[in-house]
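In what follows, a single structure is set out as structure tokens and then discussed.
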Amino acid sequence: MDLPALELTLIGIGTGNPGHLTRQAEAAMRAADLILLPHKGQDKAELAAVRQALCDAVLGADAARACIAGFDMPLRRSEGGDYLNQVDEWHAAITQRWQAAIAQALARQPALRQAKAALQVALLVWGDPALYDSTLRIAARLRPAPQRVQVVAGITAMQALTAAHALALNDIGQPFLVTTGRQLREHGWPQGVDTLVVMLDGQCSFEALPAELAQQLHIWWGAYLGMPQQLLDSGPLPQAGPRIVQTRAAARAQHGWIMDTYLLRRQPQG
């Protein structure tokens with residue numbers, strides 16, 4: 001089935017707490033003809049449930065009548081060292097799932113095709129679509145290309161983390177760097193900064209830092225930020241790091257998934 005003209009809205013939903021939604025996000029959800037909800041496997045069914053709960057909270061009595069289409073997220077190939085090729089293949093596969101989900105929704109509800117000049121499609125994005133998220137890149141692959149792509153900003157994990165710890169993100173007049181666990185493992189501590197926010201780290205990459213450097217660092221960690229099962233820990237890295245590794249493993253085993261991030265800051269010596 002050929003897809004009709006569509007307009008795509010990417011809605012940042014923060015960490016899944018309904019209180020993280022802006023009024024703009026709520027208005028965009030209500031205006032959508034179709035909301036796409038990605039599923040990430042049976043062991044992560046709780047994530048899909050969070051998105052569905054957000055729809056229920058915003059749409060209210062209309063939630064049962066709204067056109068909400070779920071789709072299964074493909075797994076990213078992890079073997080081999082060609083990371084960028086792996087990501088490119090993965091994005092292509094996700095694009096195909098998006099298009100199939102839209103086509104299937106139109107087949108179930110043909111009236112959607114005639115609803116407006118352009119089908120209004122919304123997709124709920126964890127955090128903010130602009131920070132370490134590839135939804136915008138995937139949207140650029142859609143064919144035919146959307147007539148318009150709109151982004152509704154969301155609360156990032158970085159903001160939720162610093163708020164949970166009542167922590168200023170930067171020292172006075174000083175820069176900070178946002179990076180990934182893979183970058184920290186492969187390239188070590190970057191030059192020129194004393195504050196590092198680490199995202200997308202499933203391997204507790206702070207464990208790979210040299211002991212001499214670790215002695216200088218303080219860590220603030222958070223998982224499931226803003227959600228009922230929120231977990232927090234902080235302290236000098238040599239003491240807090242092992243606790244975080246243990247807590248993280250137990251939480252992931254319990255829930256089947258985990259979203260966490262942390263901030264590392266070099267402390268003044270002497």
Side-chain angles (χ1 to χ4, degrees), residues 11-22 25 40 43-51 53-54 124-133 135 153-171 174-185 189-190 193-209 213-214 216-267:
I11 304 174
I13 62 170
T15 62
N17 184 333
H20 287 181
L21 291 177
T22 64
K40 295 190 175 184
D43 61 338
K44 297 182 180 179
E46 188 175 292
L47 290 174
V50 169
R51 284 188 174 96
L54 287 176
L124 306 186
V125 181
W126 295 110
D128 183 276
L131 180 64
Y132 279 109
D133 183 87
T135 310
I155 292 176
T156 66
M158 177 174 60
Q159 293 169 295
L161 175 73
T162 52
H165 284 283
L167 175 69
L169 181 57
N170 63 289
D171 282 331
Q174 296 301 308
F176 63 90
L177 181 68
V178 184
T179 190
T180 66
R182 185 173 68 88
Q183 289 289 332
L184 184 61
R185 290 192 308 276
W189 190 272
V193 294
D194 288 330
T195 298
L196 202 63
V197 177
V198 184
M199 304 182 69
L200 305 177
D201 186 8
Q203 300 184 38
C204 295
S205 299
F206 52 78
E207 291 188 293
L209 293 172
L213 173 61
Q216 304 172 31
L217 299 176
H218 195 104
I219 187 170
W220 291 265
W221 172 82
Y224 312 106
L225 291 159
M227 304 177 79
Q229 62 268 48
Q230 175 175 285
L231 298 170
L232 300 174
D233 201 345
S234 65
L237 183 58
Q239 288 76 51
R243 293 198 307 266
I244 291 169
V245 171
Q246 185 175 24
T247 300
R248 188 184 192 281
R252 193 182 191 286
Q254 178 182 355
H255 298 286
W257 64 279
I258 189 167
M259 288 185 181
D260 63 331
T261 189
Y262 56 90
L263 184 147
L264 293 167
R265 178 166 290 152
R266 197 192 308 262
Q267 301 297 293

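Only this structure's heavy atoms are used, side chains among them; waters, hydrogens and symmetry mates stay out. Because the structure is predicted, anything quoted here is derived from the model rather than measured.
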Rounded to the nearest 0.5 angstrom, the CG-CZ distance for Leu124 and Arg51 is 6.5 Å

Output for pair (Leu217 CG, Asp194 CG), nearest 0.5 Å, gives 9.0 Å

Review item, side-chain donor-acceptor pairs of residues 234-245, under 3.5 Å, at least two apart:
| unit_1 | atom_1 | unit_2 | atom_2 | d |
| --- | --- | --- | --- | --- |
| Arg243 | NE | Asp233 | OD2 | 3.0 |
| Arg243 | NH2 | Asp233 | OD1 | 2.8 |
| Arg243 | NH2 | Ser234 | O | 3.2 |

Between Gly222 and Leu161, the two heavy atoms sitting closest are N-CD1, 3.4 Å

The side-chain contact (heavy atoms from CB on, under 4.5 Å) partners of Leu54 (sequence neighbours excluded) come to Ile13, Pro18, Leu21

Closest non-hydrogen contact found for Tyr132 with Val178 is OH-O, 3.5 Å

Nearest heavy-atom contact between Pro129 and Gly12 is CD-CA, 3.9 Å

Note: Asp128 and Gly154 closest approach over all heavy atoms is OD2-N, 2.8 Å

message: What I'd like to find out is whether the side chain of Val50 reaches to under 4.5 Å of the side chain of Asn17, using heavy atoms alone.
response: no

So OG1 of Thr135 and CD1 of Ile11: to nearest 0.5 Å the spacing works out to 11.5 Å

Heavy-atom side-chain contact between Trp221 and Thr247 under 4.5 Å
yes

When Val198, Leu264, Leu263, Leu196 are each screened for side chain to side chain contact (heavy atoms under 4.5 Å, CB included) with Ile219, the one that passes is Leu264

To the nearest 0.5 Å, atom CZ of Arg266 lies from atom CD of Gln216 at 5.5 Å

* Taking the side chain as C-beta and beyond, is there a heavy-atom pair between Thr15 and Tyr224 under 4.5 Å? -> no

Closest heavy-atom pair, Val193 versus Pro175, reported as atoms and distance to 0.1 Å, is CG1-CG, 4.3 Å

Sorted by chain and residue number, the salt bridge (charged side-chain N to carboxylate O under 4.0 Å, His left out) partners of Asp133 (sequence neighbours excluded) come out as none

When Leu213, Thr179, Leu177 are each screened for side chain to side chain contact (heavy atoms under 4.5 Å, CB included) with Trp189, the one that passes is Leu213

Heavy-atom nearest pair, Thr261 first then Met199, reads OG1-CG, 3.6 Å

### Message
Could you tell me if the side chain of Gln159 sits less than 4.5 Å from the side chain of Leu169, heavy atoms only?
### Response
no

Rounded to the nearest 0.5 angstrom, the OG1-CG distance for Thr195 and Leu167 is 8.5 Å

>> Is the shortest side-chain heavy-atom distance between Leu231 and Asp260 below 4.5 Å?
In response: no

task = Without swapping roles, check the side chain of Gln254 against the backbone of Ala250 for a donor-acceptor pair under 3.5 Å.
result = no

Would you indicate whether the side-chain heavy atoms of Tyr262 and Ser205 approach each other to under 4.5 Å?
yes

